[in-house]
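Bear in mind the structure is a predicted one, so any value in this text is a computation, not a measurement. A, B, ... follow the sequence lines: proteins, then strands. Residue 1 opens every chain.
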Amino acid sequence: MEPEVPVAQETEKVPEPQEVQEETAATQPASPSEDSYQVKLEIFEGPLDLLLYLIRKKKIDIHDIPIAVITRDYLEYLERKDQINLDREAEFLFIAALLIYIKSQMLLPREQEVSQEEDPRRILVDRLLEYQKVKIACSMLREKEEDQLMRWKRTFLPPVARPDELDLLEVSLFDLAETFFLIMKRKERENFRVIKGKDVSVEEKIKEIVDYLEKNGQMDFLEYFSSQETLEEALVSFFCLLELIKNHVVIALQEQLFQTIRVWLRKDRSPHLTHGHSHE
Amino acid sequence: MNEQLKAILEVLIFMSQDPLTMKKIKEVLGEVPEEEINAALEALRQDYSPADRGIQIIQSGGGYIFTTKPEHDQWVRRFLQVEKKTKLSSAALETLSIIAYHQPITQAEIAAIRGVDSTYSVKTLLQKKLIKIVGRKKAPGNPLVYRTTEKFLQYFGLNSLDDLPKEEEIRKILEEEKQTVS
Amino acid sequence: MNEQLKAILEVLIFMSQDPLTMKKIKEVLGEVPEEEINAALEALRQDYSPADRGIQIIQSGGGYIFTTKPEHDQWVRRFLQVEKKTKLSSAALETLSIIAYHQPITQAEIAAIRGVDSTYSVKTLLQKKLIKIVGRKKAPGNPLVYRTTEKFLQYFGLNSLDDLPKEEEIRKILEEEKQTVS
């Protein structure tokens with residue numbers, strides 16, 4: 001094996017075979033054109049794939065591999081490869097070594113007929129049979145994949161009921177403010193001591209709300225509001241919601257006063273508004 | 001047939017971004033006998049079966065979902081102005097099918113079957129969420145163990161792992177190939 | 001009636017996030033007479049009009065769109081609630097991973113790592129019982145300290161926290177790309 005034989009710009013196509021196959025497989029006649037390996041190594045998914053390809057090409061039964069012929073083909077193929085990356089293709093070399101080992105075992109004179117169990121090819125044949133099953137499963141899965149790739153699903157949440165009805169329910173800023181102050185009163189009663197949390201910026205909060213909406217589609221604002229750690233943060237989040245509504249980034253709907261406020265991103269929002277906002 | 005039930009199921013499948021499972025149906029509907037639900041689902045699927053329908057309900061990943069039909073792929077792509085969806089590389093598909101049939105499985109076991117190191121394919125599949133790490137094997141080195149995901153089933157339109165091509169089917173194909181060889 | 005046309009229109013309305021306008025239809029279909037399109041649209045709308053259907057095609061905002069019917073509104077709401085409960089948002093996942101690898105940890109420490117306030121995610125994770133409060137830290141303000149639960153381990157198929165994928169393992173999987181690309 002010559003590692004790293006740099007052939008200028010020839011990596012894409014394996015060159016035509018320079019030497020003519022002197023002996024075609026004893027078992028099966030193969031046309032010379034079929035024997036030219038116009039395939040690059042990369043298309044094989046590994047040494048077993050290559051081996052399977054060689055065996056099929058010779059139209060041999062896997063259980064009865066003519067080891068000498070296959071070993072020669074295999075090595076020849078590796079030699080044609082312009083560059084062998086030893087790290088990456090150690091597996092190819094390992095199978096090469098295995099083939100040579102099996103060949104030598106089979107050449108050894110035996111006292112008795114080799115029984116099935118002792119056939120040195122056995123280990124390789126078992127692996128090939130298993131691998132062959134994988135290849136067939138692959139082709140069956142590929143068909144299913146092709147069918148599924150041409151089917152389209154919806155990745156967005158479809159509209160609920162009539163959109164024009166929903167429009168009538170759009171929350172006014174007044175509704176929002178009123179709700180908010182009622183909640184604040186409630187929260188004030190609950191919060192005996194107001195812990196001063198970290199400073200929350202409006203920008204951060206807006207980003208958090210928009211991120212949340214982008215991920216979850218919609219938000220139950222009252223739930224979000226009451227999950228805020230401090231009153232200050234809750235205030236900021238409410239202010240942010242107002243800003244987002246004002247800038248037409250989100251739409252907020254409330255069916256009745258004191259009921260939950262549902263918030264969605266507007267489809268027609270201008271993108272720059274979703275990332276913080278700018279005070280002039 | 002319970003017409004009201006059928007209409008509601010249609011709504012739920014329509015609203016669902018992932019296949020709608022029986023579990024979710026029951027969570028939403030509460031006390032409705034499963035046979036009744038199944039009958040309504042079947043009637044609903046029939047509604048979408050005629051050739052003049054563009055969408056249909058398929059069973060995939062353990063649930064029901066609306067999809068377009070394969071023959072309209074080009075219209076959808078023209079409408080959305082997108083390219084054909086890309087297939088998995090054959091290395092990734094090979095790795096995935098080995099995991100599907102042999103799960104739970106480690107990287108070393110995958111490599112032993114494929115005959116090549118499969119780390120890159122495993123990475124691709126993890127990122128596409130077609131497989132997941134589910135723990136470790138009690139073996140030297142405690143290697144990570146992989147399984148296919150729900151998304152794997154959806155990707156191939158399989159309802160469960162039982163829908164994978166069976167060993168006998170595979171053997172049958174092998175036999176056929178053998179005959180053409182000899 | 002052109003059946004093929006009707007099927008394609010159904011597909012386009014189905015895939016459309018906004019009401020599908022005649023302009024858009026023509027853009028996609030090319031040379032098809034408007035009367036034919038209108039006839040097909042009308043036939044399609046008829047298909048969805050019976051009372052046992054849950055969804056319908058309405059004309060809104062100058063185009064056609066699928067919506068649920070108002071009478072099923074409560075089912076839709078119930079479904080959305082169920083959906084919300086089952087999905088772990090990526091913010092929650094981020095928070096969970098930080099807790100898993102850094103436990104025991106406080107909210108302030110989580111926020112410091114994520115760069116955003118994580119109160120909401122922590123709340124979600126507590127509700128899902130994937131994390132628990134295990135006490136308070138001896139630090140100013142005596143903040144609460146969080147840990148993952150038994151349920152967390154079960155959910156991810158782990159025997160113990162030692163089984164979490166190690167940094168080197170993940171790095172190995174992620175780095176593989178560089179080698180194979182070369």
Side-chain angles (χ1 to χ4, degrees), chain A residues 27-28 42-52 55-64 87-92 94-95 98 124 126-161 217, chain B residues 11 14-19 55-56 58 60 65-74 76-77 79-80 84-91 93-98 100-102 111-118 121 154-158 163-165 167 169-171 173-174 177-178 180-182:
Chain A
T27 43
Q28 292 286 331
E42 278 76 16
I43 73 157
F44 292 110
E45 295 309 328
L48 295 176
D49 201 15
L50 169 57
L51 213 48
L52 205 57
I55 290 168
R56 285 193 172 178
K57 238 170 67 74
K58 291 259 189 283
K59 304 193 169 168
I60 319 163
D61 185 344
I62 286 193
H63 294 274
D64 194 28
D87 284 337
R88 267 182 57 204
E89 287 157 23
E91 297 100 345
F92 282 90
F94 173 77
I95 294 292
L98 181 64
L124 189 62
D126 284 349
R127 283 189 72 182
L128 278 171
L129 287 174
E130 183 63 32
Y131 183 72
Q132 205 178 18
K133 280 195 236 158
V134 171
K135 284 303 243 190
I136 288 169
C138 274
S139 63
M140 293 169 91
L141 285 175
R142 186 66 95 189
E143 274 175 37
K144 289 181 186 294
E145 180 193 33
E146 276 162 6
D147 177 78
Q148 288 297 314
L149 287 182
M150 290 196 293
R151 290 176 184 277
W152 294 79
K153 293 161 190 166
R154 292 200 298 182
T155 49
F156 55 90
L157 207 59
V160 178
Chain B
V11 170
F14 176 76
M15 291 299 296
S16 192
Q17 280 161 307
D18 294 313
I55 56 178
Q56 57 185 177
I58 64 164
S60 166
I65 189 161
F66 274 112
T67 73
T68 62
K69 291 180 182 174
E71 60 258 42
H72 298 127
D73 174 56
Q74 54 152 329
V76 177
R77 286 191 288 108
F79 173 63
L80 298 175
K84 244 184 155 56
K85 284 191 239 168
T86 48
K87 292 189 257 179
L88 288 174
S89 73
S90 34
L93 182 62
E94 221 178 276
T95 306
L96 185 56
S97 66
I98 290 170
Y101 280 91
H102 295 266
I113 297 174
R114 287 191 69 211
V116 274
D117 176 75
S118 307
S121 296
Q154 290 176 30
Y155 185 82
F156 290 101
L158 302 169
D163 285 355
L164 279 171
E167 176 100 26
E169 294 175 63
I170 292 173
R171 206 178 302 124
I173 291 178
L174 273 175
E177 272 183 16
K178 215 169 157 187
T180 49
V181 161
S182 54

ask   = Quick check: does any side chain N or O of A:Arg127 sit under 3.5 Å from a backbone N or O of B:Ala112, one acting as donor and the other as acceptor?
value = yes
key: Contacting region of B:Ile65 [heavy-atom separation from chain A under 4.5 Å]   = side chain
task = Provide the closest heavy-atom pair for B:Leu93 versus A:Cys138 in the form atom of the first, atom of the second, distance.
result = CD2-O, 3.5 Å
A:Glu145/B:Lys87 ion pair, N-O < 4.0 Å = no
message = Can you tell me which portion of B:Phe156 sits under 4.5 Å from chain A's heavy atoms? Options are side chain, backbone, both or neither.
response = both
ask   = Do you know which of B:Glu94, B:Glu169, B:Glu167 makes salt bridge (Lys or Arg N to Asp or Glu O under 4.0 Å) with A:Lys133?
value = B:Glu167
request  = Identify which part of B:Gln74 has an atom lying under 4.5 Å from any heavy atom of chain A, answering side chain, backbone, both or neither.
outcome  = neither
inquiry  = Using a 4.5 angstrom heavy-atom cutoff, name the option from B:Lys84, B:His72, B:Arg114, B:Lys85 with the most pairs to chain A.
reply    = B:Lys85
ask   = In terms of heavy-atom proximity below 4.5 Å to chain A, should B:Leu96 be classed as side chain, backbone, both, or neither?
value = neither
task = Quick one: closest heavy-atom pair of B:Ile113 and A:Tyr131, and the distance?
result = O-CD1, 3.7 Å
query = Sequence neighbours excluded, which residues qualify as side chain to side chain contact (heavy atoms under 4.5 Å, CB included) partners of A:Asp147?
reply = A:Arg151, B:Pro70
Between OG on residue B:Ser90 and NZ on residue A:Lys135, distance to nearest 0.5 Å = 6.0 Å
message = Is the shortest side-chain heavy-atom distance between A:Leu149 and B:Asp73 below 4.5 Å?
response = no
ask   = Which answer fits A:Ile136, side chain, backbone, both or neither, if we ask what part of it has an atom under 4.5 Å from a heavy atom of chain B?
value = side chain
ask   = Can you list the residues that meet the salt bridge (Lys or Arg N to Asp or Glu O under 4.0 Å) rule with B:Glu71, with sequence neighbours excluded?
value = none
key: B:Ser121 versus chain A, the contacting section by heavy-atom distance below 4.5 Å   = neither
key: Part of A:Glu130 within contact of chain B (heavy atom distance under 4.5 Å)   = side chain
Interchain contact, B:Ser118 with chain A, by part (heavy-atom threshold 4.5 Å) = neither
query = Heavy atoms, side chains only, cut-off 4.5 Å: are A:Gln148 and B:Gln154 in contact?
reply = no
inquiry  = Please find the pair of heavy atoms, one from B:Ile170 and one from A:Ala137, that lie closest to each other, and give the distance.
reply    = CD1-CB, 4.0 Å
message = I'd like to know whether A:Glu45 forms a side chain to side chain contact (heavy atoms under 4.5 Å, CB included) with B:Val116, so could you lay out the CA-CA distance, the side-chain angles of the two residues, the decisive distance to 0.1 Å, and finally the verdict.
response = CA-CA 8 Å; A:Glu45 295 309 328; B:Val116 274; 5.6 Å; no
note = Cut-off 4.5 Å, heavy atoms of chain B, and the answer for A:Glu143 is neither
key: B:Leu88 side chain near A:Arg142 side chain, heavy-atom distance below 4.5 Å   = yes
task = Go through B:Ser97, B:Ala100, B:Ala111 and name the one with the most non-hydrogen pairs under 4.5 angstrom from chain A.
result = B:Ser97
